[in-house]
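Single-structure report; data block below.
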Protein chains: 2
Amino acid sequence: MGGAGPNGLPMTDPLDHVFAALADRTRREILTMLLEDDMAVTDVAEPFEMSLAAISKHLGILTRAGLISQEKRGRVKWCKLEPDALRDASIWMQSFGQFEAVNLDAFERFLEAEIDGPSGGSDRAD
Amino acid sequence: MGGAGPNGLPMTDPLDHVFAALADRTRREILTMLLEDDMAVTDVAEPFEMSLAAISKHLGILTRAGLISQEKRGRVKWCKLEPDALRDASIWMQSFGQFEAVNLDAFERFLEAEIDGPSGGSDRAD
DNA sequence: GCCATATTCAACCAAACGGTTGACGATGGG
DNA sequence: CCCATCGTCAACCGTTTGGTTGAATATGGC
């Protein structure tokens, strides 16, 4: 698969794709939209002022990075957030993580409260 | 440079620079090296198989992203890791890692409290 | 003062990026 | 069957990226 560089390390790290995908505001906004719900390509494109083809390319980049998945049902292609790839990148970043400022314990407590809490949560429109 | 887009949002988010800087294996390796110790430019360049000028450019990109700082002492320029910029990106990513269909308003309140809170606000060294 | 060292600058290059447009293949509805 | 809709493909364009080289600019040692 991936060729190996002189160090024995792969020449293209999956992190390359993840971070490169995140380095664009449009794509980050798309991810934020998909956080709320799965969406069709056309609906993803709607709020943006660029062509459908451009959004299609962005979605391809996000897919290649593993940040989303796309499933075609009928003539509609549904886009779905895939948080696992982000988790890998997040883990990489935490190795730098002095993170004095952010209290990760508090963050985890917050997450648990949110997920267990308010409305039992997942009412996805499938 | 920082014009405003049609949404009133800035056209170039600081996160653009951070993620773009991280999207290159060489730069990630440089950050890893700096994790252990501050280093001079020449020493940073030594293990790589590219020119010193190329490394100098990479360091410029990392500096522009706020991921490192450079201080010239004598004729040597010392490079130092700046974890704060990474913290912001990490916080952004965490919103995707663990959330399913969670209350984003509460998440934003959490972030504001965390960022404004513990150390009297974000004092970025630009 | 002179020379070696440390780092950047400037010009150049190929490749990738982000966007456009227009044509094209699927698919589903009346 | 016909046609509108969904989405991608292909070609093109200007800009950015990641690298090279060679010259230039500090700075420090002797």
Side-chain angles (χ1 to χ4, degrees), chain A residues 3 5-6 9 11-31 33-34 38-65 67-80, chain B residues 1-3 5-7 9 11-13 15-31 33-34 38-65 67-80:
Chain A
L9 294 165
M11 247 170 318
T12 59
D13 198 301
L15 284 184
D16 287 0
H17 295 303
V18 175
F19 284 128
L22 294 177
D24 183 280
R25 166 179 278 274
T26 300
R27 290 193 289 263
R28 288 198 306 275
E29 287 181 15
I30 290 174
L31 290 179
M33 292 164 59
L34 292 178
D38 298 359
M39 295 179 77
V41 174
T42 311
D43 296 328
V44 170
E46 196 269 336
F48 295 98
E49 280 181 347
M50 67 185 75
S51 68
L52 183 61
I55 295 295
S56 182
K57 279 193 196 177
H58 280 304
L59 291 171
I61 290 170
L62 289 169
T63 301
R64 190 181 49 149
L67 290 166
I68 68 170
S69 59
Q70 293 179 287
E71 181 200 356
K72 191 166 178 183
R73 278 207 301 271
R75 67 179 164 178
V76 173
K77 203 166 188 177
W78 292 91
C79 305
K80 183 182 173 220
Chain B
M1 258 207 162
N7 298 338
L9 293 164
M11 246 172 317
T12 59
D13 198 299
L15 283 184
D16 287 0
H17 294 304
V18 175
F19 283 128
L22 294 177
D24 183 280
R25 165 180 278 276
T26 301
R27 289 193 291 263
R28 289 198 304 276
E29 286 181 17
I30 290 174
L31 290 178
M33 291 163 58
L34 291 178
D38 299 359
M39 295 179 76
V41 174
T42 310
D43 295 327
V44 170
E46 195 268 335
F48 295 98
E49 280 180 346
M50 66 184 76
S51 69
L52 183 61
I55 296 294
S56 181
K57 279 193 193 175
H58 280 304
L59 291 170
I61 289 169
L62 289 169
T63 302
R64 189 183 49 151
L67 290 166
I68 68 169
S69 60
Q70 294 179 286
E71 181 200 356
K72 191 164 178 182
R73 278 206 301 272
R75 65 180 162 177
V76 173
K77 203 166 190 178
W78 292 91
C79 305
K80 182 179 174 228

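Reminder, nothing fancy here: chain letters follow the sequence lines and each chain counts from 1. Heavy-atom basis, side chains included; hydrogens, waters and symmetry copies ignored.
Here the side chains of Leu15(B) and Leu22(A) are not in contact, with every heavy-atom distance at 4.5 Å or above. Taking the side chain as every heavy atom from C-beta outward, Pro47(B) and Glu29(B) never approach each other to under 4.5 Å. For the pair Asp13(A)/Asp16(A), a side-chain contact is recorded, criterion being any heavy-atom separation below 4.5 Å from C-beta on.
Rounded to whole Å, the distance from CH2 on Trp78(A) to P on dC6(D) is 11 Å. Counting to the nearest Å, the P atom of dG19(D) and the CD1 atom of Ile55(B) are 8 Å from each other. At whole-Å resolution of the value, CG in Leu59(B) and P in dT8(C) are 7 Å apart. When the P atom of dG18(D) is taken as reference, atom CG of Leu62(B) falls 10 Å away, rounded to whole Å. Remark: P of dT16(D) and NE2 of His17(B) are 12 Å apart, rounded to the nearest angstrom. In this structure, Glu46(A) places its CD atom 16 Å from C1' of dT5(D), rounding to the nearest Å.
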Below 3.5 Å between N/O atoms, which protein atoms pair up with nucleotides 25-30 of chain C? Just atom names and distances, please.
from: dT27(C); atom 1: O2; to: Arg75(A); atom 2: NH1; distance (Å): 3.1

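Here Gln70(B) pairs with Thr63(B) under the side-chain hydrogen bond (donor to acceptor under 3.5 Å, both in side chains) rule; sequence neighbours left out. Legend: residues meeting salt bridge (Lys or Arg N to Asp or Glu O under 4.0 Å) with Arg27(B), ordered by chain and number and at least two apart, are absent. Qualifying side-chain hydrogen bond (donor to acceptor under 3.5 Å, both in side chains) partners for Ser69(B), counting only residues two or more places apart in sequence or in other chains: Glu82(B). Every side-chain contact (heavy atoms from CB on, under 4.5 Å) that Ala54(A) has, sequence neighbours left out, goes to Met50(A), Ser51(A).
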Once each nucleotide of nucleotides 14-20 of chain C is scored for protein heavy atoms under 4.0 Å, what B/S/- sequence comes out, 5' to 3'? ----SBB

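For dT8(D), one of the phosphate oxygens OP1 or OP2 lies less than 4.0 angstrom from a side-chain nitrogen or oxygen of Ser56(A).
The two residues Asp38(A) and Trp78(A) come nearest to each other via the heavy atoms O-CZ3, 4.0 Å.
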